[in-house]
Amino acid sequence: MKKLALLVLVFSLIFVILGLGEPIKYGGTLRFIGGGGWAQFPDSMNPLLPEGGFSPVVAEIYEVLFYVNPLNGNITDLLGTSYEWKNNNLELDINTREGVKWSDGTPFTARDVAFTFNYIKKYPALDQLAVWSSTSGLESVEANGDNIVVFKFSKPNTPLFYYLSNIPIIPEHIWSTIKNPVTFKNENPVGTGPFLFKSSSPQNNVILAVKNPDYWRKGRPYVDKLEIRAVKSNTTSLLMLLRHDADWGDCTPADPKKLWVDKDPELNKMWWPVNNANILYLNTQKTPFDIPEFRKAVALAIDKESLVEKAYHGSCGGVAHPTGIIPSQQNEWLDPLLKDVNLRYSPQKAQELLTSIGFKKNSRGELMDSDGKVLPTYKILVGAGWTDYITMAQIISKNLENLGIKTVIDQEAGSTYMSSIMSGTYDMAICWWAGEGPSPYYYYYQGFYPPFSGSKIGETSLSDYARYTNPIITAALETFSKTSDIHLQKQAIYAIERIIVEDTPLVFLTNRTHFGCFSEAYLVGWPSDSNPYCAAEVIDSPGGAMITVNVHLK
Amino acid sequence: MKYVLKRITFFIVTAWVALTINFILPRMMPGNPAQAMIAKFHGRLNPQAIHALKIAFGIDVQKNLLLQYIDYIKRILTGDFGISLSFFPSPVNQILSYAIPWTLGLVGVSTVIAFSIGTLLGIRTAWRRESTSSGIIIPIFLFLNSMPYFWFALLISYLFAFKLKWFPLVGAYSLNIPKGFNLARIASILYHAILPACTIIITATGGWLLTMRNNMISVLSDDYVAFAQAKGLPDKVIEYKYAARNAILPSFTGFAMALGFVISGALLTEIVFSYPGIGYILYQSVLNLDYPLMQAIFLFIMIAVLTANFIADLFYALLDPRVRTGAE
Amino acid sequence: MDQIMSFFKIKKSVAGMIILLFFILVAILAPYIAPYSPTSMEFMPLEHPNSQHLLGTTATGQDIFSRVIWGTRLSLSVGIITGLITIALSIMMGITAGYFGGITDGILSMITNIFLVIPGLPLMIIIAAYITVKGVMTIIIVISITGWAWGARVLRSQAMTLKSRDFIKASVIVGEKSSHVIFSDILPNMLSLIVAEFFGSALYAVLSEAGLEFLGLGDANAVTWGTILYWAQNNQAILLGQWQWIAVPGLCIALLGTSFALLNFAVDELTNPKLRRR
Amino acid sequence: MKTLLKVKDFNAGYVLTSQRIHAVKNVTFKLDNGEFLGIAGESGCGKSTLALGIAGLLNPPGEVFSGEVEFDGKNLLKMKNDSLRKLRWKEFSIVFQSSMNVLNPVIKIKSQMFDAIQYHTNMPSNHLEERAKELLELVNVSPKYLEAYPHQLSGGMKQRVVIAMALSLNPKLIIMDEPTTALDVVVQRNILQEIDKLRKKFGFSIIFITHDLSLLVEISDTIAIMYAGQIVEKAPSTKLYAKPLHPYSYGLMHSFPPLVGKRQRLHGIAGHPPDLTEDIEGCPFFERCTKRINGVCDKAKPSFIEIEPGHIVACHLYDEEGESSAK
Amino acid sequence: MQSDYKVENILNVKGLKKEFKIGSFTNVRTVHAVNGVDLGIGQKEVLGLVGESGSGKTTIARLIAKLYDPTDGKIFLNGKEIPHKMNRKALLNYRKDVQMVFQDPFSSLNPLHKVGYTLSRPLKVHKIVNGNNNIKEKIEELLEECGLTPAKDFTNKYPHELSGGQMQRVGIARALAVNPKLILADEPTSMLDVSIRLDIMNLMLDLKEKNGLSYLFITHDLAGAHYMSDRIAIMYAGFLVEIGSSDDVINKPMHPYTQLLKKATPKPESGLEPEKLDITGEVPDLTKLLPGCQFAPRCPFAKQRCSEEPPKMLQIDENRFVRCFLYKH
């Protein structure tokens with residue numbers, strides 16, 4: 001009898017193990033390495049400063065309401081458990097999680113959430129996502145009891161949910177006494193997140209964090225420790241990864257396949273999901289860039305395949321779609337009629353288009369406008385030292401030369417580059433979409449919404465770098481933001497896409513990606529195409545924090 | 001005393017001019033730190049953050065340049081360098097305090113070693129001028145001195161740290177060592193410093209060698225050396241007490257300058273070895289238009305150079321009585 | 001004449017001349033030596049050295065050998081032109097200060113000292129980062145602005161020494177104008193020092209250019225040894241097994257630098273009476 | 001009197017990459033204990049090379065080609081470097097031409113006085129100070145200057161210090177190479193007076209090299225006249241002054257306008273010395289000589305003739321052959 | 001005021017004074033190089049200026065040559081006062097009359113220029129002759145005049161191909177090129193070999209006769225001064241202490257310093273036993289001007305008064321002046 005019982009026990013154990021899969025191993029250290037971007041980790045742990053303004057460990061300490069995966073819009077509940085739009089989308093109710101405690105033991109309530117939002121209203125310097133800006137329509141945030149937060153709007157703005165859910169929530173009982181939160185460094189952070197700050201060594205550029213034993217998600221995180229390190233060059237971070245001195249790197253090997261994956265395909269994994277696009281901005285406030293046919297001709301004249309190959313060794317997620325929509329959002333948001341539209345490299349078509357608007361080449365092969373004037377030499381603006389952009393510019397320059405358009409490459413230091421783009425003094429510039437989000441709305445909104453555009457050259461254009469606006473697009477954007485009905489939103493997006501394809505306000509070059517290099521030497525559970533629980537964001541963002549709670553020992 | 005006064009006058013005037021240049025230069029350039037931030041994050045930063053950043057950085061209101069200048073001078077005089085923009089909101093002083101000790105340690109010690117080796121070799125090659133070894137040593141060091149030092153750093157880092165794994169790839173010390181001042185930590189620091197120090201020493205020694213050699217040869221033809229010989233003194237005494245002691249004097253100014261510039265760090269070495277130090281910080285502060293940090297570092301460098309010069313002059317006076325007593 | 005003859009007797013100067021002449025020849029003959037255009041991206045990327053591509057190809061499919069050959073032109077020009085501009089600035093500041101003395105000297109020396117005290121590389125970074133038109137000319141300007149002060153100091157003291165020589169006084173008493181005294185009496189007598197300083201500046205220029213390019217502050221679009229290194233490093237050439245991509249341009253810089261250093265050394269050796277081998 | 005120094009067939013010069021300068025040719029002379037020998041000659045006549053060569057201080061490219069130097073019974077040229085070094089300063093010392101610059105500017109006088117004494121004698125350090133003070137007092141320099149640096153002394157004082165140093169080990173011979181040329185006449189006279197006093201006191205010999213013949217005839221016992229690397233005449237100073245035999249000596253003697261007496265036109269020696277890189281067939285003075293005998297003087301080297309005891313001359317005018325053809 | 005100012009002199013200086021500042025910024029000391037010197041040089045006269053190094057004799061020459069601006073005092077050329085600051089034209093005119101020969105022939109010729117070029121410059125600058133051929137002719141004439149024959153051989157030579165004496169002759173030819181009235185000769189023979197010195201002095205004397213020149217002949221050698229000069233002036237510590245005809249000063253020196261100089265100078269012609277000196281030869285410190293006579297600390301005849309009150313120049317007879325209290329004041 002005893003023996004039988006033992007046997008049953010053993011079998012049932014085996015059954016359990018087989019049935020539930022392998023048990024996850026606990027322990028170990030997750031070693032992150034960042035290259036290039038950080039000269040030195042900021043030692044501030046104030047989560048309300050802009051990204052990069054705080055120590056990367058902060059994202060592991062402070063949580064947001066929801067993690068909205070920008071790749072697919074999937075929502076992971078964090079401090080929020082559900083939300084509901086009410087009153088013609090003029091009110092948003094968010095239910096907050098019960099039983100969560102701040103790391104100092106104080107219970108977390110909806111009042112902390114309301115406090116956080118009202119706090120950044122009071123200190124505009126902390127409102128990094130501009131949720132309180134005049135265009136957002138947000139009017140008030142109040143707690144309704146311990147578990148509900150009510151957001152009231154003066155006009156409907158459903159896309160704001162994405163930004164609202166991305167604000168790190170801070171404990172009222174600590175922050176209410178802070179005199180100047182803008183320069184507050186928050187050296188003893190108290191949060192609700194999966195990790196607790198342990199120490200930092202600014203000299204070595206290393207930050208250590210340990211698992212929060214009282215974290216509300218039972219059993220998470222799997223690893224005991226986080227070791228976050230920055231090195232001063234991209235190559236060094238790659239060398240660290242190759243030496244298995246790091247498990248996860250935010251590094252951009254020139255050719256990630258050859259330099260990383262192929263060196264040990266068993267262990268070396270990369271996932272570079274597309275999150276943005278590289279765009280050749282044509283300054284539409286300057287002739288001839290104000291002529292749609294000219295813009296389209298430029299688009300057709302550029303060998304985008306070659307850009308993908310030469311500038312990115314094929315690992316940028318391919319040629320961008322003519323609408324600029326990233327691939328993972330195309331199934332849902334791309335107008336089916338536009339599915340097969342492309343602006344494939346065709347110098348001949350480009351030539352024809354130019355001829356159609358009266359542009360001709362002269363005997364020396366220089367392009368003349370319809371008045372017979374030779375086009376001047378245009379500058380292609382890129383950031384100094386950005387090799388991918390410089391390579392693209394070199395190719396574009398050669399491509400345009402075939403059309404008879406002379407260009408030179410203008411390499412500017414970061415601030416000058418951005419200033420030229422924003423003030424509209426550039427001719428052509430390679431840059432990115434000035435906005436990311438779980439649907440194309442966010443790109444289009446930042447890219448074409450009139451308040452973000454400068455009315456004339458010299459006037460600041462906050463994010464509409466091409467300085468292009470279109471009443472149909474404006475109307476469509478407004479329709480989208482007024483509704484929470486996905487069908488209506490889709491129609492609005494389709495309308496915008498059609499304008500873009502027709503008018504070519506921007507020349508889309510290649511896709512852009514996040515750069516996740518993961519090593520399975522010690523840890524597994526990394527995000528991937530088959531398990532895209534986040535977008536391989538860097539560790540200092542809510543998306544990065546998703547990775548730290550998901551990886552575990554092999 | 002008058003000598004000191006004179007040096008101080010020069011010190012102050014130079015510092016003032018340099019400070020002013022320091023103030024004007026970055027402000028002549030287009031763009032602002034908030035835009036630099038946007039560029040730096042390659043699209044990761046929401047463009048709407050510009051507004052918030054400007055408020056945080058205090059650049060939302062355009063102030064009169066003169067007022068800014070007065071404010072700037074005032075701040076510097078009170079030792080308040082403000083808050084860094086690229087490492088917002090860390091105070092500039094704090095960032096410097098993280099970086100400067102490492103720079104001083106690595107670059108300073110390497111410079112001293114390079115100077116010592118170079119000077120010693122310079123003495124020897126000058127003394128044994130016609131020997132074959134001198135004939136070989138000089139071209140070798142000329143070559144080493146002509147190498148781009150970052151290139152050399154790349155090669156040795158790849159070879160000795162990555163391939164052979166004899167040395168660590170990055171950092172200033174190992175993480176697995178208990179905090180505080182202990183032997184293991186010192187050993188670890190030294191271990192991490194070997195490769196970066198080697199790049200500096202190997203590429204810098206040649207310069208000192210040549211300077212010292214030329215000084216030494218000049219001195220060797222001086223009459224007091226011949227006189228010492230006539231006195232029947234042993235060669236070593238002549239070589240060091242009579243020749244080297246005098247020949248080293250002109251090297252001091254250069255050495256002091258070099259020591260002063262130690263503060264500016266060895267940017268490319270820091271990058272290749274991810275070694276902490278002021279060079280990279282300065283580089284970042286420039287790229288990110290971090291005026292407060294940039295200004296502070298420049299000021300520090302200049303003060304260091306001027307101070308080093310000053311000390312060198314005093315030291316010179318100590319070693320050369322002609323200067324001390326004001327002979328012509 | 002004697003000096004020129006003995007110049008050729010110093011082995012080091014001959015070695016320096018040979019290396020320099022070699023590079024000058026390569027620069028002049030670049031179109032004939034280089035098999036391909038240095039900017040063409042038409043080849044298979046990352047080929048290892050083979051008979052078609054002696055030094056392999058870059059990640060963007062450029063022929064590295066052709067780039068190194070063409071790069072000689074710009075790198076050498078940067079070295080020489082910067083050397084010339086630097087030495088011209090040094091002469092202007094140093095000799096004017098040394099010859100005229102007095103207040104002129106006071107002001108010019110102060111400026112020189114300030115430029116000596118301001119750290120070179122950081123200043124270069126600042127200027128290079130902010131000059132809005134990127135190009136080789138920028139690099140030349142930047143290095144010249146930051147590099148003339150040492151030379152000026154040396155030339156100033158030399159001018160002061162020369163000024164006390166009797167033949168200068170003789171020229172003054174004959175009634176010569178200051179400009180004539182400077183150009184006919186002072187400058188020619190400092191020629192050897194100027195030549196030595198020139199080679200010193202050229203060495204400094206070549207190394208600084210490489211450093212600036214390596215940091216990405218130069219014109220990444222130009223073909224120089226510095227940019228070849230920059231692209232190689234950015235493409236992690238060593239990890240790709242493309243050793244030659246990084247080794248060859250670096251070696252070229254070091255060799256050109258060595259030739260300048262050797263020539264500097266030789267001129268110094270020859271004309272400094274105390275260093276001269278009797 | 002005992003002979004202290006014998007120099008025989010001494011040849012020295014400079015070997016350069018392109019040429020070889022034969023600066024001292026077949027010089028032979030003797031120096032007695034306590035003798036004051038003056039060597040007079042113009043720049044480039046090889047007098048300094050001779051002095052350095054005797055002392056074994058001719059540094060490359062300088063070189064002693066051949067000859068013998070017998071000092072106190074020891075052959076200096078055959079000696080090993082180390083033993084020669086021990087001899088220097090102790091047995092013979094040398095005071096340089098550029099005596100203003102022979103003191104190391106950055107070291108105290110004291111230390112520069114001590115080191116030679118220490119090296120050669122192992123004198124205990126408490127005695128060193130004593131000795132140094134004594135030496136300075138000998139040359140009329142206040143002992144307080146022991147603590148001074150060279151630049152704090154005037155030129156005359158520096159020269160006195162150097163002379164004191166030369167005396168420090170009681171050498172038998174002091175070679176003085178134009179020790180007073182750079183000094184003003186009054187200072188020069190003062191120092192010479194002192195040297196004379198010291199010589200009488202300690203009895204050392206002096207080889208005194210200068211271009212100033214009028215000075216030399218006043219101070220030295222014997223004078224040797226050098227021209228183009230050779231001694232052309234050697235005689236007791238009184239005799240040389242009264243009757244210079246060699247045309248060069250005569251010319252040199254009359255190149256100094258007299259201070260007192262009537263002003264009258266004098267004439268120097270026309271032309272300039274020969275190039276020492278080339279071998280001269282006959283008499284080196286041939287080109288400039290007013291009494292030259294063509295076909296003799298330019299063909300054969302004159303040999304030494306002792307005209308009177310102690311008065312020797314190398315001139316064809318005085319050898320039999322020359323004399324006959326002159327008449 | 002006692003002085004030998006004479007209107008008919010080619011050059012007169014009155015109260016000439018020069019101070020140099022040494023050190024810089026805050027550590028300035030003043031060197032009193034020349035302290036109120038009065039001098040006159042007559043037509044076709046050689047004035048010998050004798051003194052030890054640092055006595056200010058070279059400074060006087062350079063002041064007269066307009067290489068320095070005087071701190072105080074006046075210079076008269078042909079009886080006309082010469083302003084301190086002149087425009088280029090006036091200065092050229094002055095330089096045409098007053099030229100200089102330097103001490104060191106090795107340093108006074110630019111080593112990179114041929115003799116012909118060096119000599120052509122004054123001819124061109126002062127437009128003495130025009131046309132290349134004429135210039136060439138004139139150069140050869142000058143060279144021959146200075147004993148450099150055949151002249152054609154010398155025009156194409158570089159200084160290093162010449163001997164010291166030849167270089168000095170070129171230096172004299174250069175000074176002569178503009179037909180000056182006065183030549184300032186700053187120790188022109190002291191760097192030359194003894195056998196050459198007389199030749200140069202003789203050349204200068206011949207040229208004087210031939211061209212009607214005047215010389216200021218500076219030397220530290222009393223015998224040389226005696227040989228060359230009509231009159232001799234003795235300087236000490238920036239002061240003129242004695243002046244008189246050459247024979248008078250040498251044979252009957254009045255100032256104790258002149259007497260000392262004479263004693264110290266070798267003169268085998270008056271007996272081979274050197275005269276004993278009882279004065280130490282320490283040089284005066286020019287940065288500290290003494291209240292009395294500068295020579296007082298060394299003077300065997302010094303009295304109380306000598307260190308309290310500066311002696312004035314005392315006229316002994318028409319040509320003789322001495323600055324000493326030993327003589328009736």
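Below, chains carry the letters A, B, ... as their sequence lines are ordered, and counting in each starts from 1. What you see is a predicted model, and the numbers here were worked out from it, not measured in a lab.
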Short side-chain to backbone donor-acceptor contact, E:Glu52 and D:Val186, under 3.5 Å: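 Checked: no pair found.
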Test E:Tyr227 against D:Arg265 for side chain to side chain contact (heavy atoms under 4.5 Å, CB included), laying out the working first. CA-CA 8 Å; E:Tyr227 183 76; D:Arg265 269 293 170 108; 3.5 Å; yes
[atom1] of [X]: more than 12 outside heavy atoms within 6.0 angstrom?
X	atom1	answer
E:Gln259	CD	yes
E:Phe20	CZ	yes
D:Phe36	CZ	yes

For the candidates [options], which exhibits the highest count of non-hydrogen atom pairs separated by less than 4.5 Å from chain E?
options	value
D:Gly251, D:Pro258, D:Gly44	D:Pro258
D:Asn140, D:Ile269, D:Asp184	D:Asp184
D:His254, D:His211, D:His272, D:Gln193	D:Gln193

What part of D:Arg288 is in contact with chain E, defined as an atom under 4.5 angstrom from a non-hydrogen atom: side chain, backbone, both or neither?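 Side chain of D:Arg288 only, per the 4.5 Å heavy-atom cut-off to chain E.
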Tell me, for D:Leu252 versus chain E, whether the close heavy atoms (under 4.5 Å) come from the side chain, the backbone, both or neither.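 Only the side chain of D:Leu252 comes within 4.5 Å of chain E.
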Side chains of D:His267 and E:Asn202: does their closest heavy-atom pair fall under 4.5 Å?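 The answer is yes, as the side chains (C-beta and beyond) meet within the 4.5 Å cut-off.
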Close side-chain approach of D:Val260 and E:His226, heavy atoms under 4.5 Å: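 D:Val260 vs E:His226: side chains apart.
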Spatial distance of atom [atom1] ([X]) from atom [atom2] ([Y]) [nearest 0.5 Å]:
X	Y	atom1	atom2	result
D:Ser255	E:Leu198	OG	CG	5.5 Å
E:Arg197	D:Glu42	CZ	CD	9.0 Å
D:Leu259	E:Asn251	CG	CG	8.0 Å
E:Asp221	D:Ser214	CG	OG	8.0 Å

Could you check which of E:Gly54, E:Ala264, E:Ser195, E:Gly165 has the highest count of heavy-atom pairs closer than 4.5 Å to chain D?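 Of the candidates given, the most pairs with chain D belong to E:Ser195.
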If you tally heavy-atom pairs under 4.5 Å against chain D, which of E:Val194, E:Ile196, E:Leu261 wins?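 Winner by heavy-atom pair count: E:Val194.
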Counting only non-hydrogen atoms closer than 4.5 Å, does [X] touch chain D with its backbone (N, CA, C, O), its side chain (CB onward), both, or neither?
X	answer
E:Ser163	side chain
E:Asp247	side chain
E:Leu222	both
E:Met228	backbone
E:Leu205	both
E:Ser190	neither

